[in-house]
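The structure under discussion appears below in the form of structure tokens.
Please read all numbers here as calculations on a predicted model, not as lab measurements. Lettering of chains follows the sequences in order, A, B, ..., and the numbering in each one begins at 1.
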Amino acid sequence: MLRLFHSKFNGRTLLSHPPKPLLTFTFLYYPLFRSSLVSETSLHFQAISSYHCDPLLSNLLVALKSLSSVSSCRVVHARVIKSLDYRDGFIGDQLVSCYINMGSTHDAEKLFDEMSHKDFVSWNSLVSGFSKRGHLGKCMSVFLRMKSDLVFELNGVTLISVISACASAKASDEGQYIHCCAVKLGMMLEVKVVNALINMYGKFGCIDSASRLFWAMPERNMVSWNSMVAVCAQNGIPNEAINYFNMIRVDGLFPDEATMVSLLRAFENLHLGRSVEAIHGVIFTCGLNKNLTIVTTLLNLYSKLGKLIASHKVFTEISKPDKVAWTAMIAGYAMHGQGKEAIEFFERTVREGMEPDQVTFTHLLSACSHSGLVEEGKYYFRIMSDVYRVQPRLDHYSCMVDLLGRCGLLNDAHCLIKHMPLEPNSGVWGALLGACRVYGNINLGKEAAENLIALDSSDPRNYIMLCNIYSAAGLWSDASKVRALMKAKNLNRNPGCSFIEHGNKIYRFVVDDHSHPDSDKIHKKLEEVMRKIQEAGFVSETESILHDVDEEVKTKMINKHSEKIALAYALLVTSADVPIVIVKNLRICRDCHNTAKFVSLIEKRVIIIRDSKRFHHFSDGLCSCGDYW
DNA sequence: TTAGGGTTAG
């Protein structure tokens with residue numbers, strides 16, 4: 001791979017598209033617009049509008065799109081109507097986009113209905129606005145109105161907006177319908193339309209459909225290739241991503257920033273460490289280490305692969321890290337349960353003059369939660385709005401419920417949910433349910449699970465958690481009712497599996513796995529290790545077993561969990577001085593967590609397990625999570 | 001080069 005990169009990129013820059021220069025007008029007035037002061041915006045608008053110059057007005061509205069204030073948009077709207085009848089035409093279209101971008105679909109629809117001369121751009125502004133804001137229903141209904149009533153023909157822009165909305169909402173039926181429309185309208189020769197469809201099928205997990213579309217294209221561009229690399233990356237097939245990457249030259253094209261970012265992301269879920277290091281080498285050699293987007297992806301990738309030191313090294317080599325890069329480091333520390341370091345980094349971020357935003361606070365609060373830093377978490381939750389004017393979103397409430405719940409403050413967590421100004425989502429209730437399971441609170445757990453099931457009755461995890469709570473309390477008949485409900489709804493538990501890399505290969509183990517050629521040896525090793533740690537005081541915790549069977553059977557079942565098999569395999573094939581790295585697709589159970597702690601002590605090994613939520617570094621009988629997870 | 005669209009970072 002290294003050779004490939006050298007042959008392709010030697011002496012060339014990969015940044016094929018330098019950023020477009022901002023319009024001078026927008027640039028000059030940007031600080032003003034950022035201030036969100038309606039009166040000032042209005043004042044300057046007055047000065048500008050006296051020129052009666054259309055491009056300036058248009059540029060003003062482009063700049064206004066960066067605001068989040070509906071009221072400032074209304075000021076402009078009022079003046080447009082009052083002084084210059086610009087309600088129709090491109091100013092009206094821009095205002096429609098502005099309103100939707102700012103979250104006021106009501107204003108947008110009202111203005112749109114008032115516009116007497118609507119052309120296809122007006123309609124497309126509405127469709128694209130709804131698409132960007134994630135209003136699939138409204139997007140579809142405008143599209144259907146266009147399709148049935150309109151004198152204008154639907155064009156590629158219309159279709160792309162609706163396709164994009166279907167992709168974001170993972171609306172498979174609607175997406176396939178739009179695909180049929182595109183075929184009927186003869187749009188399948190438009191590269192951008194097909195690119196949007198490829199991206200949509202990728203989001204649905206339909207890799208075959210995406211690749212069939214891709215290979216049927218009479219003409220492909222860089223976005224087409226990047227879309228396929230992204231499809232493979234998003235669907236966890238890194239080798240295919242590399243294949244597409246290697247084939248880009250077939251069309252005489254060169255990888256750009258988006259290609260590299262997608263390629264790196266392809267390795268997020270698998271420990272192909274050497275491949276990542278090879279790509280890193282190339283990024284450095286080709287001078288791509290000056291590209292903030294690529295480097296931030298790289299440092300984030302190292303964090304996700306358990307290599308926090310490498311991640312930090314990448315960060316220190318960035319000459320001018322931006323807010324995203326700082327936040328990526330905070331996220332890295334949060335993921336690894338290093339809450340104090342995350343806080344330190346946050347304070348440095350602020351000292352460096354960066355303005356923390358909602359994402360920064362999400363990771364900071366998550367770091368506090370993962371490290372049991374309750375007072376610190378409460379403090380930052382308070383000052384995020386008081387000092388930094390960042391209004392808490394659902395993510396932040398989830399973190400706070402998690403933070404309070406993990407340390408047993410279940411009533412405080414419940415109280416926060418009851419008094420939060422937003423409608424709690426599955427993240428918020430899920431955090432409470434997780435805590436109820438740990439602390440065996442049946443009443444609150446039931447409430448959380450019922451809310452979760454009401455929000456999404458098709459997610460098996462909600463039923464499993466409720467079942468766990470009943471099982472742990474010995475309420476077997478309630479547990480079996482939940483199991484029966486799952487069966488009636490045909491909901492299957494996502495099977496747990498663990499991955500481990502050895503000899504440049506990835507091995508996957510499921511529960512009670514016997515597929516490996518050395519399976520007998522692995523299971524013998526597992527039995528030996530379990531015996532050793534039991535002699536040292538380890539006691540099985542069988543609460544995660546859902547079935548009403550006796551303890552002996554439960555112990556046998558839990559001793560065959562995939563992460564235990566992966567651990568036994570690693571003990572067999574790796575040398576003692578190498579850390580053992582295991583990736584689990586679900587959350588690690590309490591019993592496997594205890595097992596890893598004991599094994600790290602008895603076998604004197606460093607064990608790193610990444611579960612679906614975070615990293616656990618085991619050493620000398622302790623875990624970096626401090627048993628908060 | 002005045003308006004609407006497809007890929008990529010926390």
Side-chain angles (χ1 to χ4, degrees), chain A residues 17 20-21 23-25 53-62 65 86 88-98 100 119-129 131-132 152 155-165 167 187 190-200 202-203 220-231 233-234 244 255-266 268 291-301 303-304 311 315 321-332 334-335 345 349 354 356-364 366:
Chain A
H17 302 294
K20 285 180 189 167
L23 292 168
T24 315
F25 177 88
C53 180
D54 288 357
L56 283 181
L57 277 169
S58 169
N59 287 339
L60 170 67
L61 290 165
V62 169
K65 279 183 173 183
Y86 277 131
D88 294 324
F90 69 84
I91 293 289
D93 300 337
Q94 275 280 42
L95 273 168
V96 167
S97 299
C98 279
I100 301 181
D119 64 7
F120 62 95
V121 176
S122 317
W123 284 89
N124 283 345
S125 299
L126 199 62
V127 175
S128 102
S131 170
K132 281 185 195 154
F152 304 107
N155 65 6
V157 177
T158 329
L159 280 168
I160 290 165
S161 293
V162 191
I163 293 166
S164 173
M187 295 281 182
E190 280 205 29
V191 177
K192 289 177 182 179
V193 171
V194 184
N195 287 346
L197 284 169
I198 290 172
N199 173 47
M200 179 188 82
K203 294 267 183 345
R220 290 177 285 267
N221 64 10
M222 202 54 233
V223 178
S224 320
W225 284 101
N226 287 346
S227 297
M228 275 318 294
V229 176
V231 165
Q234 285 158 7
Y244 278 101
D256 61 12
E257 181 185 290
T259 329
M260 297 308 293
V261 168
S262 289
L263 188 68
L264 283 169
R265 296 205 62 179
E268 268 180 16
N291 180 308
L292 254 180
T293 308
I294 294 176
V295 174
T296 307
T297 313
L298 182 67
L299 86 82
N300 182 239
L301 177 63
S303 298
K304 286 182 174 167
S311 172
F315 179 83
D322 64 357
K323 180 168 61 185
V324 179
W326 281 94
T327 305
M329 264 329 289
I330 294 171
M335 226 184 286
F345 240 81
T349 308
M354 306 285 160
D357 64 11
Q358 287 164 326
V359 185
T360 318
F361 279 105
T362 302
H363 292 295
L364 181 65
S366 157

Using the side chain to side chain contact (heavy atoms under 4.5 Å, CB included) definition, which of the options A:T293, A:N226, A:D256 pairs with A:V261?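 Only one of A:T293, A:N226, A:D256 forms a side chain to side chain contact (heavy atoms under 4.5 Å, CB included) with A:V261, namely A:T293.
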
Output the rounded distance in Å from [atom1] ([X]) to [atom2] ([N]).
| X | N | atom1 | atom2 | result |
| --- | --- | --- | --- | --- |
| A:M187 | B:dG4 | CE | C1' | 13 Å |
| A:I163 | B:dG4 | CD1 | C1' | 14 Å |
| A:L126 | B:dG4 | CG | P | 14 Å |
| A:W326 | B:dG10 | CH2 | P | 18 Å |
| A:F345 | B:dG10 | CZ | C1' | 13 Å |
| A:N221 | B:dT8 | CG | P | 14 Å |
| A:E257 | B:dT8 | CD | P | 12 Å |
| A:L292 | B:dT8 | CG | P | 19 Å |

Can you find a side chain N or O atom of [X] that sits less than 4.0 Å from OP1 or OP2 on [N]?
| X | N | value |
| --- | --- | --- |
| A:Q234 | B:dT8 | yes |
| A:S125 | B:dA3 | no |
| A:N195 | B:dT7 | no |
| A:N199 | B:dG6 | no |

Heavy-atom donor-acceptor pair, A:T327 side-chain to B:dG10 base, under 3.5 Å: yes

Side-chain donor/acceptor contact of A:N124 with base of B:dG5 under 3.5 Å: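 No, the side chain and the base share no sub-3.5 Å donor-acceptor pair.
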
Let's see if you can work this out: which of [options] has an atom nearest to the side-chain heavy atoms of [X]?
| X | options | answer |
| --- | --- | --- |
| A:A331 | B:dG5, B:dG10, B:dA3 | B:dG10 |
| A:S227 | B:dG10, B:dT7, B:dA9 | B:dT7 |
| A:T297 | B:dG10, B:dA9, B:dT8 | B:dA9 |
| A:D357 | B:dG6, B:dA9, B:dG10 | B:dG10 |
| A:K132 | B:dG5, B:dG6, B:dA9 | B:dG5 |
| A:R265 | B:dG5, B:dT8, B:dT7 | B:dT8 |
| A:A196 | B:dT8, B:dG6, B:dA9 | B:dG6 |
| A:T293 | B:dT7, B:dA9, B:dG4 | B:dA9 |
| A:E190 | B:dG10, B:dG5, B:dG4 | B:dG5 |
| A:V223 | B:dT7, B:dG4, B:dG10 | B:dT7 |

Any base atoms under 4.0 Å from A:T362, or only sugar-phosphate, or nothing? Heavy atoms, all strands.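 Nothing: the residue A:T362, judged by heavy atoms under 4.0 Å, touches no strand.
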
At 4.0 Å (heavy atoms only), tell me whether A:V191 reaches a base, stays on the sugar-phosphate, or touches nothing.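 A:V191: base contact, heavy atoms under 4.0 Å.
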
Mind running side chain to side chain contact (heavy atoms under 4.5 Å, CB included) on A:N124 and A:N155 for me, showing each step along the way? CA-CA 9 Å; A:N124 283 345; A:N155 65 6; 3.2 Å; yes

A:T327 to A:T360 - nearest heavy-atom pair and separation: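 Looking at all heavy atoms of both residues, the closest pair is OG1-OG1, 3.2 Å.
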
Can you list the residues that meet the side-chain contact (heavy atoms from CB on, under 4.5 Å) rule with A:N300, with sequence neighbours excluded? A:E268, A:K304, A:M335

Any heavy-atom pair between the side chains of A:N199 and A:V231 that's under 4.5 Å? no

Are any non-hydrogen side-chain atoms of A:R265 and A:T297 less than 4.5 angstrom apart? yes

